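Report on the structure given below.
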Amino acid sequence: MALSPTLSGAGLGLLAFGAYATYDISAKLLGATYHPLQVIFAAGALTLPLLGAYILYTGSARRLRPNRPGLMALRCATTVVNFIAGVSAFTMLPLAEAYVIFFTMPLFIALLAVPILGERFDPVRGLAVLLGLAGVIVALDPVATPLGLGHALALTGALVGAMNYVLIRKTGSVENTAVMLLWPQIVLFAIVAAAMPWVYRPMPAADLGISALMAVVLMIGMVAVVEAYRRAAAIVVAPMQYSQILWAAIFGSLLLS
């Protein structure tokens, strides 16, 4: 029996955020040695060929012009800020602190989905937002935790990431998946590539292998999250990000304690 759009969207959301957790952990590992822009550059250089293969496989090569160029430009901007702020935050903060702040993203999505997507803000959604915000405050304990640039970058990444996901939901019915994936990654890669003369350091094979892993999981995550938001409402997909709590605990205890 085929799954309902809501269930399939939730399942794809779980897959996407599991893949993104692997990307985050890998960025944390490489960030101990390399500038965050180089981490994004190395993974992006390997992601673009995967995107090319995906476009050829899906037969989308002749349909790469956005139908809504204004919204696509906004998605490109939010993608650039989200990646640079997010990867920088993960290299600057302990893993647990970074994730606590990024877990505000579903709350931002729930709020943004009302004016942008026309989703209803009912008492249940309002209570969920308040409880989620309270949980983040308790977990972060701002009184005992000195807040700095890394925390600000994480919060920025969460906010613009939420905007990005809401835009994915909004444009999913008018843009094909290849268009939604390709242009933000091209713009992101062009921007970080421009900075390489100032920050680049040679990468040994092992680190290139981590970058290749980042490219693979990023590709999986991008396709899965686009399809998830295309099938299910934002309020259904967004909470799947909390599954990253499990991945953060596992990776944090094994690799980054």
Side-chain angles (χ1 to χ4, degrees), residues 12-51 53-54 75 78-103 105-106 150 153-154 156-158 160-162 164-165 168 177 180-182 184-189 191-193 203 206-229 237-238 240-256:
L12 286 166
L14 285 172
L15 174 61
F17 289 116
Y20 287 150
T22 306
Y23 183 97
D24 295 339
I25 298 297
S26 301
K28 177 72 172 175
L29 290 172
L30 291 180
T33 304
Y34 306 100
H35 193 281
L37 295 180
Q38 183 174 346
V39 175
I40 299 171
F41 170 82
L46 299 170
T47 301
L48 289 178
L50 295 179
L51 272 171
Y54 174 83
R75 271 211 64 225
T78 57
T79 296
V80 169
V81 176
N82 176 241
F83 268 80
I84 294 177
V87 170
S88 298
F90 274 106
T91 62
M92 296 171 68
L93 297 176
L95 192 64
E97 286 186 24
Y99 267 124
V100 164
I101 298 175
F102 272 99
F103 287 153
M105 193 182 296
L153 288 170
T156 300
V160 297
N164 193 16
Y165 288 143
I168 288 174
T177 302
M180 296 178 72
L181 300 183
L182 180 63
Q185 288 302 309
I186 287 178
V187 172
L188 173 65
F189 183 74
I191 289 175
V192 296
M203 303 181 76
D207 292 343
L208 288 174
I210 296 175
S211 299
L213 172 64
M214 292 175 68
V216 171
V217 296
L218 177 60
M219 188 69 199
I220 293 171
M222 289 191 301
V223 173
V225 83
V226 167
E227 293 301 324
Y229 277 101
V237 180
M240 297 304 106
Q241 184 177 1
Y242 291 124
S243 65
Q244 290 182 315
I245 294 173
L246 175 62
W247 294 111
I250 292 173
F251 285 127
S253 62
L254 292 178
L255 300 174
L256 302 171

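Please read all numbers here as calculations on a predicted model, not as lab measurements. Position 1 is the first residue of the sequence; numbering continues from there.
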Check against side chain to side chain contact (heavy atoms under 4.5 Å, CB included), Phe189 and Phe83
CA-CA 11 Å; Phe189 183 74; Phe83 268 80; over 6 Å; no
Please round to the nearest 0.5 Å and tell me the distance separating atom [atom1] of [X] and atom [atom2] of [Y].
X      : Y      : atom1 : atom2 : result
Ile210 : Thr22  : CD1   : OG1   : 12.5 Å
Thr91  : His35  : OG1   : NE2   : 8.5 Å
Phe90  : Leu29  : CZ    : CG    : 12.0 Å
Met105 : Tyr165 : CE    : OH    : 5.5 Å
Leu153 : Ser88  : CG    : OG    : 5.5 Å

As a quick check of understanding, evaluate side chain to side chain contact (heavy atoms under 4.5 Å, CB included) for Met203 and Gln38, giving each step before the final call.
CA-CA 10 Å; Met203 303 181 76; Gln38 183 174 346; 3.3 Å; yes
Please give me the minimum heavy-atom distance between [X] and [Y], naming the atom from each residue.
X      : Y      : value
Gly150 : Met92  : N-CE, 3.7 Å
Ala89  : Phe102 : CB-CE1, 4.3 Å
Ala43  : Ala215 : O-CB, 3.6 Å

Side chains of [X] and [Y], heavy atoms from C-beta outward: is any pair under 4.5 Å?
X      : Y      : value
Leu12  : Val225 : no
Leu50  : Leu46  : no
Leu181 : Met219 : yes
Asp207 : Tyr34  : yes

Would a distance-only check, ignoring hydrogens and angles, find a side-chain to backbone donor-acceptor pair under 3.5 Å from [X] to [Y]?
X     : Y      : value
Asn82 : Gly157 : yes
Arg75 : Ile168 : no
Lys28 : Val87  : no

List the steps and the verdict of side-chain hydrogen bond (donor to acceptor under 3.5 Å, both in side chains) for Gln185 and Thr79.
CA-CA 8 Å; Gln185 288 302 309; Thr79 296; 5.9 Å; no
One pair to check against side chain to side chain contact (heavy atoms under 4.5 Å, CB included): Tyr54 and Leu182. What are the steps and the verdict?
CA-CA 10 Å; Tyr54 174 83; Leu182 180 63; over 6 Å; no
Derivation of the side chain to side chain contact (heavy atoms under 4.5 Å, CB included) call for Leu218 and Tyr20
CA-CA 6 Å; Leu218 177 60; Tyr20 287 150; 4.0 Å; yes
Checking side chain to side chain contact (heavy atoms under 4.5 Å, CB included) between Met214 and each of Leu30, Thr47, Ile40, Ile25, which is the one that passes?
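Only match with Met214 under side chain to side chain contact (heavy atoms under 4.5 Å, CB included): Leu30.
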